[in-house]
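Chain identifiers are assigned alphabetically (A, B, ...) following the order of the sequence lines, protein sequences preceding nucleic acid strands; residue numbering begins at 1 within each chain. Keep in mind that the numbers below use all heavy atoms, side chains included, and drop hydrogens, waters and symmetry copies.
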Amino acid sequence: MSIEYLGIKNINGPLLVVQGVKGASFEELVEIAVEGEGTRLGRVMDISDDTAVIQVFEGTSDISLKNSRVRFLGHPLEIPLSEEILGRVFDGLGRPIDGLGKVYPDVKRDINGDPINPVSRKYPRDYIETGISAIDGLTTLIRGQKLPLFSGSGLPHNELAAQIVRQAKLPRHEDTKFAIVFAAMGVKYDVAEYFRQSFIQGGVLQRVVMFMNLANDPPVERIVTPRCALTAAEYLAFELGMHILVILTDMTAYCEALREISSSKGEIPSRKGFPGYMYSDLASIYERAGMIEGREGSITQIPILTVPNDDITHPIPDLTGYITEGQIVLDRDLNQRGVYPPIIILPSLSRLMKDSIGEGFTREDHAPCATQLFSAYARVHDVRALASVIGEDELSKTDKLYMEFGKAFEKEFISQGANEDRTIEYTLNLGWKLLGILPREELDRVDNAILDKYYKERGHTSAE
Amino acid sequence: MEESVILRVSGPVVKVRGASSFKMHETVMVGSKKLIGEVIGLDNDIATVQVYEVTTGLTAGEPVAPTGKPLSVWLGPGIIGNIFDGIERPLKAVEKKTGAFIPRGVSTEFDEEGRKWKVEIFVKPGDKVCQGMVVAQTRETPLIMHKIMVPPGIEGIVSEVMPEGEYTVYDTIIRISAGPNRTFEMKMLQEWPVRKARPSLERLAVNEPLITGQRIIDTFFPIGKGGTAAIPGSFGTGKTMTQHQLAKWSDADIIVYIGCGERGNEMTEVLEDFPKLMDPKSGRPLMERTVLIANTSNMPVAAREASIYTGITLAEYYRDMGYNIAIMADSTSRWAEALREISGRLEEMPAEEGFPAYLSSRLSEFYERAGRFKTLGNSIGSITVIGAVSPQGGDFSEPVTQNTKRFIRCFWALDRQLAYARHYPAIHWLLSYSEYMEALSGWYEDKVNPLFMKHRSELLKILQEESKLLEIVKLVGSDILPDEQKLTLETGRTIRLGFLQQAAFHPVDTYVSLEKQFYMMDIILFLHKEAYELIRKGIPASHVKETGYFEDIIKAKYTVSNEELHIFQEMKARFREGLEKLK
């Protein structure tokens with residue numbers, strides 16, 4: 001079944017066109033033996049009659065129409081899996097690069113995976129305590145959620161992701177089996193190394209599986225990297241019953257690779273040259289997070305995006321936001337003011353938190369406290385805009401209190417140390433302390449019963 | 001017969017050679033795994049087929065078999081309370097067959113287990129029956145009586161009737177002699193092609209609101225039973241939340257919820273919540289009146305395109321029984337994008353932003369299947385379509401939003417700034433509209449209160465003034481405004497916080513009766529007018545504010561339940577007394 005074909009007819013960017021092929025199937029894996037250069041992998045992107053279009057993962061340089069032989073392997077790209085993959089490092093195609101030899105597989109899995117039947121899903125309800133106030137209090141991360149970090153170049157998204165990895169815990173469950181799957185797509189070596197160091201520091205390196213496609217690795221390979229990582233994650237989660245945190249960085253590089261391939265195939269572009277199927281393609285990655293009824297494990301995804309030009313309406317963050325269950329947005333302005341983590345809470349959101357906070361999960365006042373903080377902070381923005389026109393001195397009494405609240409909120413609630421691990425009680429009490437700056441009648445989002453119990457107006461001196 | 005084989009595979013689009021006998025929109029079985037596909041183009045003997053499953057592994061030369069039928073859905077008892085994929089495969093049955101993941105080429109029957117239904121038959125041999133006539137019924141759920149109708153196109157004399165008893169959907173229950181030598185074996189299960197609207201006698205005007213219990217919708221931008229609405233909004237503005245609220249509380253008889261290209265967990269949430277939530281009218285679980293169509297974003301794209309049609313065809317079937325159906329389509333943008341993706345694969349000439357030129361005609365075809373109808377069986381039924389739109393980058397000028405706007409009559413615009421401030425539902429009162437206002441105002445005045453519409457327009461007027469004043473406040477602050485305008489700001493704030501904002505998770509606030517909506521408006525306007533008189537007499541606006549009455553009104557949405565409306569009268573008396581003291 002392994003006929004080698006010689007008839008390469010055309011090479012265009014990462015694509016090869018081979019003629020005279022019999023029986024090639026769509027998305028089948030292909031091995032290309034290049035004379036004197038070893039073998040490369042590719043996959044069938046289009047078949048028509050006896051012609052196959054092959055996407056070469058490692059790039060087409062040095063391939064000529066004459067010097068290469070193409071072999072169809074009869075199955076889609078698969079990766080070998082067993083419990084041994086924990087602690088290992090793979091390249092973007094799932095081949096070991098840590099010098100520890102091959103993985104002896106228990107199973108081999110098609111990296112494309114199959115969609116989870118919505119009937120079989122379990123709605124995620126276990127909250128993950130990250131020890132970061134802005135996340136735990138306002139955009140709570142839930143086990144089985146996909147919650148991306150929208151960041152920009154030069155912002156500390158890697159530090160934040162590493163802090164989440166170090167501090168994440170499940171207060172309501174003794175967590176015995178957890179692991180991290182880390183997929184790097186087109187990131188700099190330093191970034192990958194930063195994560196590795198932080199895994200070592202956190203003492204979790206033996207529980208991490210890394211898939212590395214660095215910035216100088218072929219872009220086409222990037223298309224496969226997150227799929228390899230998620231296939232490994234699904235195996236660990238749903239077959240070995242582990243709780244997996246998947247970090248995907250950087251999804252922007254992934255989307256750009258997608259665009260590169262699409263344009264070399266001559267497809268009709270939609271917005272900003274990205275292919276029309278980018279939504280479906282991203283969904284086939286993000287939707288692989290979740291939990292399954294009757295199975296032990298879970299997959300929680302934290303994809304990281306460097307938002308091009310800090311524009312949240314750019315197709316990459318835009319389509320991502322439509323698929324993921326919320327987003328955590330980092331802000332350049334806050335970062336410049338020295339706030340770490342620079343999470344701008346107004347556009348940040350966790351869609352799953354509504355069902356997983358409050359009595360029995362965190363604390364009964366969590367939801368009202370969070371909503372009130374959001375709404376008060378939104379007001380702070382209006383007041384600041386006004387102050388920039390008429391000057392702070394001219395503000396009304398209440399507006400001045402809002403200015404004060406805004407400052408304190410950013411300084412005490414949002415800001416915290418890179419190693420500071422706060423409990424949810426601490427976060428909520430801090431929230432009430434800050435709301436105490438505002439007079440009670442301003443707290444219009446909270447029930448009287450909750451206010452009676454938690455609200456304590458600060459004995460203010462300045463306003464009276 | 002010539003052999004039909006795969007010639008080319010490109011994503012969900014497959015070209016087939018030797019297909020001269022294929023018909024447009026015919027369903028075909030593609031490849032040895034028998035993936036379901038639909039013919040969408042014919043050129044000589046080459047057919048273009050869109051495949052409703054992932055095409056990984058298909059090979060040129062694999063056989064393609066025609067079925068002779070257009071893409072159709074099964075109609076019969078067992079639909080309500082169920083969850084289907086985009087081409088009506090019951091997902092629970094799929095789970096039983098293949099486990100938690102959905103592989104390619106799963107085939108299931110409509111009712112794998114052959115559940116038996118207790119059937120009551122109304123006709124006897126010799127009766128003349130015609131299309132759409134209700135000839136039998138069975139209780140599908142405690143909420144829904146499933147009426148079994150003679151399928152469209154069938155007419156004749158009943159020749160045989162099975163004894164009353166329990167039957168599966170596949171059993172013949174009535175034989176109809178439909179012409180010389182032609183006997184029609186009538187079963188509970190029928191089939192209907194999804195792309196063709198089911199026939200009806202005539203269309204009727206919309207004259208009754210769909211009551212949703214959501215204040216901003218019912219009071220400000222109401223939709224009629226049989227109407228169409230769009231909810232556009234960028235991500236995180238609460239499209240899905242709004243759709244869920246409408247699915248939960250609106251007073252339709254049946255809800256068809258189409259999750260088109262959206263998140264898997266959202267469907268799971270509905271599946272977990274709806275059996276537990278009670279319908280406010282009947283006190284029965286909401287799931288007993290709900291059908292779910294789930295084609296999540298990672299399921300095949302062509303089936304996403306079909307899911308919208310599957311949903312509306314199921315709705316039309318129940319409409320024919322005389323029910324009021326509300327369809328939640330979340331999101332129609334994903335459907336449009338599926339069209340675009342397939343159109344791109346076909347290398348069609350794109351129109352705006354890569355969308356095909358037929359986008360607007362497809363949208364209009366879909367929305368026109370909504371309406372209030374006199375059915376073939378001479379009853380009245382309606383289909384209300386509420387479509388979420390996910391505009392790219394939150395920009396309402398993009399083609400899907402713009403084209404949708406032309407075919408809907410209710411526009412509930414979700415605003416990102418409101419959502420950021422956690423003002424939910426984030427429907428913007430100045431950007432939204434409803435064209436049903438006129439048709440429905442009579443109903444509100446008759447059934448709720450003669451002053452309803454007057455109150456509504458006064459509230460809107462205050463909000464408009466407030467928005468103008470806020471522009472000024474942004475520049476100069478609120479301190480220098482005259483007291484009358486300060487009052488407008490305060491009342492505007494009260495309306496926004498106390499009336500427009502509604503907490504979906506608060507047990508009292510999640511569903512608000514029309515009467516309570518009226519009294520809430522009434523008390524706001526009462527306070528506004530009384531306060532205005534005082535201010536005219538020279539009493540400072542700040543004194544009125546310090547009474548705390550505005551805050552009392554804002555909290556009333558939580559403290560006064562739908563059954564305790566007399567509290568509003570007590571509040572009025574209390575306010576009147578308190579304000580008197582300010583003089």
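- Heavy-atom distances place no part of B:Asp395 under 4.5 Å from chain A, backbone and side chain included.
- Heavy atoms closer than 4.5 Å to chain A are found in the side chain of B:Glu551, but not in its backbone.
- Taking chain A as the reference chain and counting heavy-atom pairs below 4.5 Å, the highest number among B:Arg334, B:His506, B:Gln417, B:Arg340 is found for B:Arg334.
- When atom types are taken as modelled, the side chain of A:Tyr277 and the backbone of B:Gly344 share no donor-acceptor pair closer than 3.5 angstrom.
- For the options A:Ser388, A:Ala24, A:Pro269, A:Ser396, heavy-atom pairs under 4.5 Å to chain B are most numerous at A:Ala24.
- Using a distance-only test at 3.5 Å, with no hydrogens or angles considered, a donor-acceptor pair links the side chain of B:Glu272 to the main chain of A:Tyr123.
- Per-residue heavy-atom pair counts under 4.5 Å with chain A were compared for B:Ile6, B:Thr55, B:Val14, B:Leu91, and the maximum is reached by B:Leu91.
- Side chain of B:Asn265 to backbone of A:Pro124: no donor-acceptor contact under 3.5 angstrom is found.
- Proximity to chain B is limited to the backbone of A:Pro317, based on heavy atoms less than 4.5 angstrom apart.
- For the salt bridge (Lys or Arg N to Asp or Glu O under 4.0 Å) with B:Arg8, the lone residue among A:Asp50, A:Asp49, A:Asp46 that qualifies is A:Asp46.
- Contact annotation for B:Lys15: neither backbone nor side-chain heavy atoms come within less than 4.5 Å of a heavy atom of chain A.
- Note on residues 266-282 of chain A: pairs passing salt bridge (charged side-chain N to carboxylate O under 4.0 Å, His left out), not counting sequence neighbours, are A:Arg227-A:Asp281, A:Lys265-A:Glu267, A:Arg271-A:Asp318.
- A:Pro115 places a side-chain heavy atom less than 4.5 Å from the side chain of B:Met299.
- A donor-acceptor pair shorter than 3.5 Å can be found between the side chains of A:Ser120 and B:Glu95.
- You'll find the side chain of A:Val389 stays beyond 4.5 Å of the side chain of B:Lys474, heavy atoms only.
- Using a 4.5 Å cut-off between heavy atoms, B:Ile102 contacts chain A through both its backbone and its side chain.
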Open item on the list: Determine whether B:Glu353 and A:Ser270 satisfy the following criterion, side-chain contact (heavy atoms from CB on, under 4.5 Å), listing intermediate values before the conclusion.
Closed with: CA-CA 6 Å; B:Glu353 300 209 19; A:Ser270 68; 5.8 Å; no
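- Between B:Leu58 and A:Ile47, the shortest heavy-atom distance links the atoms O-CD1, 3.4 Å.
- B:Ser234 touches chain A through backbone and side chain together, each having a heavy atom under 4.5 Å away.
- Nearest heavy-atom pair across B:Pro350 and A:Ile268 is CG-CG2, 3.7 Å.
- With a 4.5 Å cut-off on non-hydrogen atoms, A:Ser348 touches chain B through its backbone but not through its side chain.
- For A:Arg121, the parts lying under 4.5 angstrom from a heavy atom of chain B are both the backbone and the side chain.
- Listed for the A:Arg445 side chain is a donor-acceptor partner under 3.5 Å among the backbone atoms of B:Arg422.
- Side-chain N or O atoms of B:Arg263 include one that pairs as donor or acceptor with a backbone N or O of A:Tyr322 at under 3.5 Å.
- Residue contact with chain A, scored on non-hydrogen atoms closer than 4.5 Å, involves the side chain of B:Leu497 exclusively.
- Of all non-hydrogen atoms in A:Ser280 and B:Glu341, the two that sit nearest each other are OG-OE1, 3.1 Å.
- Note: B:Gly57 leads B:Ser10, B:Gly57, B:Ala338 in heavy-atom pairs under 4.5 Å with chain A.
- Applying the salt bridge (charged side-chain N to carboxylate O under 4.0 Å, His left out) test to every pair with at least one member in residues 498-507 of chain B, sequence neighbours left out, gives no pairs at all.
- Ranked by non-hydrogen atom pairs under 4.5 Å with chain A, the options B:Tyr420, B:Phe355, B:Tyr558, B:Phe505 are led by B:Tyr420.
- Proximity to chain B is limited to the backbone of A:Ile345, based on heavy atoms less than 4.5 angstrom apart.
- Within the 4.5 Å cutoff, side-chain heavy atoms of A:Pro76 are placed close to those of B:Thr56.
- With a 4.5 angstrom heavy-atom cutoff, B:Tyr424 touches chain A only via side-chain atoms.
- Contact count versus chain A (heavy atoms, under 4.5 Å) is highest, among B:Arg304, B:Met267, B:Glu398, for B:Arg304.
- Ranking A:Glu325, A:Gln327, A:Arg295, A:Glu441 against chain B, the residue ahead of the rest is A:Glu325, based on heavy-atom pairs under 4.5 Å.
- Residue A:Ile292 touches chain B through its side chain alone, counting heavy-atom pairs closer than 4.5 Å.
- Residues B:Leu271 and A:Pro118 come closest through the heavy atom pair CD1-O, 4.1 Å.
- Using non-hydrogen atoms only and a strict 4.5 Å limit, the part of residues 373-382 of chain A facing chain B consists of A:Phe374, A:Ser375, A:Ala378.
- Closest heavy-atom contact between B:Gly236 and A:Arg351: N-NH2, 2.9 Å.
- Only the side chain of A:Phe238 comes within less than 4.5 Å of a heavy atom in chain B; its backbone stays farther off.
- Atom CG in A:Asn117 sits 6.5 Å away from atom OG1 in B:Thr98 (nearest 0.5 Å).
- Under the 4.5 Å side-chain criterion, counting only non-hydrogen atoms from C-beta, A:Lys22 is not in contact with B:Thr59.
- Between atom OH of residue A:Tyr279 and atom OG of residue B:Ser390 there is a gap of 7.0 Å, rounded to the nearest 0.5 Å.
- In this structure, the portion of B:Val301 lying under 4.5 Å from any heavy atom of chain A is its side chain and not its backbone.
- Put simply, of A:Asp110, A:Ile312, A:Asn112, A:Ile323, the one with the most heavy-atom pairs under 4.5 Å next to chain B is A:Ile323.
- Within the 4.5 angstrom heavy-atom criterion, only backbone atoms of B:Glu348 (N, CA, C, O) approach chain A.
- For the side chain to side chain donor-acceptor pair (under 3.5 Å) test, residues two or more places apart in sequence or in another chain that qualify with B:Thr296 are B:Asn298.
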TODO: Output, in order, the C-alpha distance, side-chain angles, deciding distance and verdict of side-chain contact (heavy atoms from CB on, under 4.5 Å) for B:Glu269 and A:Lys354.
DONE: CA-CA 12 Å; B:Glu269 187 187 352; A:Lys354 59 184 169 45; 2.7 Å; yes
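- Heavy-atom pairs under 4.5 Å with chain A were tallied for B:Thr268, B:Val5, B:Val9; the largest tally goes to B:Val9.
- Looking at A:Gln145, neither its backbone nor its side chain comes within 4.5 Å of chain B, counting heavy atoms on both sides.
- Heavy atoms closer than 4.5 Å to chain B are found in the backbone of A:Thr324, but not in its side chain.
- Residue contact with chain B, scored on non-hydrogen atoms closer than 4.5 Å, involves the side chain of A:Asp355 exclusively.
- Distance check: B:Asp479 CG to A:Leu395 CG gives 9.0 Å after rounding to the nearest 0.5 Å.
- If you measure heavy-atom distances from B:Pro391 to chain A, the contacts under 4.5 Å come from both the backbone and the side chain.
- The two residues B:Lys555 and A:Asp444 make their nearest non-hydrogen contact at CE-O, 4.4 Å.
- Neither the backbone nor the side chain of B:Arg89 comes within less than 4.5 Å of any heavy atom of chain A.
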